[in-house]
Amino acid sequence: MIQMSQKDTKKKVPHRGRRGRHTAKRNEMHERVGRTDRIGRSGGKNRPQRTEIEDPIRKNDIIRKVGLALAGIQAVISIVFLVALFRLNMFPGLFVAVIGFVLAACLGIILASQFFSKKNAISGKVLSVVISILLLIASYYLFRVNSAIGEISGGEYKLDNMVVAVMAEDSAEKIQDAKQYRFGVQYQMKGEQIKETVDAINEELGTEIEVVEYESLAEQAEALHNGEVEAIIYNEGYSGILEEAYEGYSSDTKIIFSHSIKNALENKAADVEVKDESFSVYISGIDVYGAIETNSRSDVNIVVTVNTKTHQVLLITTPRDFYVELPGISGGMRDKLTHAGIYGVDASIATLSQLYDVDIDFYARVNFTSLMEIVDVLGGVDVYSEYAFVTSDDTNWGMGEALNVQQGYNTFNGKQALMFSRERINIPGGDNQRGKNQQAVITAIIKKMVSPSMLINANGLINSVSGNVETSMSQDQIQELIKSQLAEGGAWNIYSVAAYGADSSEVCFSGGDMPLSVIWPDEASVNEIKTLVDRVEQGEVLEGSEQAQ
């Protein structure tokens, strides 16, 4: 037997040339790439490759950044909302603090949700978008409310609209067509304004017009009808007086020129603390459909005395035809109360203040159009009527079918409430009862406005009030009054009373020599109202008041 040496027993390794070594290296490299395909490329000089693990991480990072951006937007909108809330200044401090805490908590929850599970992160984003949209809408309406209150508050002037009228069949359509006309004027009532209007016409025409002076408004109108003059100049607020003196005056004439004159009103109630003091407000319902500041006859004359401590409201209605003195105007001569409005809201306030011996701190002027809109926005009102009646043709004119009113409570829309308030022919008591009906409508509106449904209709109410209501109460005073009510809550006690008197026919200061229908005040009625005002101001809750809450 042939024995092998130890060297020979070693395993023999096949010989590899240069080509073989290169092939082995390539195989080794492919094998290594196969192992590292999912975790990147080998070698220090190659860039890291996106991997299946990194993709969802990057995606989650982007989603989180979107969530944080939405939360940032929500934070900004929350700040805007809180600024709007502070500017409105109607809500108690505790309420605003709670709202701020809730908004901060919501923001914190949404921020935290972006670092939890994917499901929580998506829910947080959706919630953030919803909250942001709701806060944007709420902020918009808060700023609108603040703007609307600013528009109706702080009445600083009254507006006299002076006009030139000619007969309806006259060929003149504008003031230039009347260059050669004779113009009838009177300087007994607001003579300075007549002279200012004459100057404005002269400037418009580039020449001086011919004027013929008369002693009264009635003489002016008669001269126009008789052809003594071709045109007359007067305050448009006197149209009602002319209509009383000449039936059909409005349809027999036409206006070819107008000139507006602004006069400042003194605000004597800027320092009244409405949440701590009793105060009185004169509500004037004017019969024009133009600018709310325009001087006009006041067909609705209501004094509201309020004691915010006892939540007592006293509504005092005075007939439009009450035969009273106009302080500082009529020189001791009597006139209809409604005619005081022609000289401005301050004249009406002075007249009623003297009549009832009460300081009237504020006024609110309401156009007829706004009554319909306010009632409709409130979804109708329930009004109590003492009598059953059907409205007359005078009331129905331009309103459609007659209104059939039942004794007791009636649910009225805006148009029906206006018709009910205007009627005085087909009801017992005439103008006296009309005043009571107006009170009933206002009481129904107040009761509806202090109810929770008011919040639902707040935006529509703001739209209807803006431009149709003007008050001398400042924006701060209105906001303070509302804030006080929201903080304290509680029902309001509403007591209504109406002055009355005897029908008569008398000469009026503003009506010339022709007797007009008036109501002589009943002294017992006036004295009763004076007593009621004193009791409310002294903090008494009047027995028989209706409750509104």
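In this chain, numbering begins with 1 at the start of the sequence shown.
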**Item:** Shortest non-hydrogen contact between Leu70 and Ser128, atoms and distance
**Value:** O-OG, 3.3 Å
**Prompt:** What are the two closest non-hydrogen atoms of Val375 and Asn413, and how far apart are they?
**Reply:** CG1-C, 3.6 Å
Donor-acceptor pairs are to be reported for all side-chain atoms of residues 83-97 against protein atoms at under 3.5 Å, with residues two or more places apart or in another chain.
{"unit_1": "Asn89", "atom_1": "OD1", "unit_2": "Lys483", "atom_2": "NZ", "d": "2.7"}

Just checking, is any N or O donor in the side chain of [X] or [Y] under 3.5 Å from an acceptor N or O on the other one?
X: Thr391; Y: Glu423; result: no
X: Ser278; Y: Glu537; result: no
X: Thr318; Y: Tyr356; result: yes
X: Asn307; Y: Gln538; result: no

Could you check whether any side-chain N or O of [X] sits under 3.5 Å from a backbone N or O of [Y], counting only pairs where one atom can act as donor and the other as acceptor?
X: Glu480; Y: Glu273; value: no
X: Ser239; Y: Glu236; value: yes
X: Gln406; Y: Ala388; value: no

**Prompt:** Taking the inter-plane angle between the rings of Phe362 and Phe279 on a 0 to 90° scale, is it parallel (under 30°), tilted (30 to 60°) or perpendicular (over 60°)?
**Reply:** perpendicular
**Asked** Measuring from Tyr495:OH to Arg535:CZ, what's the distance to the nearest 0.5 Å?
**Response** 7.5 Å
**Asked** Is the closest side-chain heavy-atom distance between Trp492 and Val306 below 4.5 Å?
**Response** yes
**Asked** Where do Val300 and Ser421 land on the side-chain contact (heavy atoms from CB on, under 4.5 Å) test, with the steps shown first?
**Response** CA-CA 9 Å; Val300 177; Ser421 300; over 6 Å; no
**Item:** Candidate list Val358, Ile302, Ile316, Leu337, test side chain to side chain contact (heavy atoms under 4.5 Å, CB included), partner Leu352, passing option
**Value:** Leu337
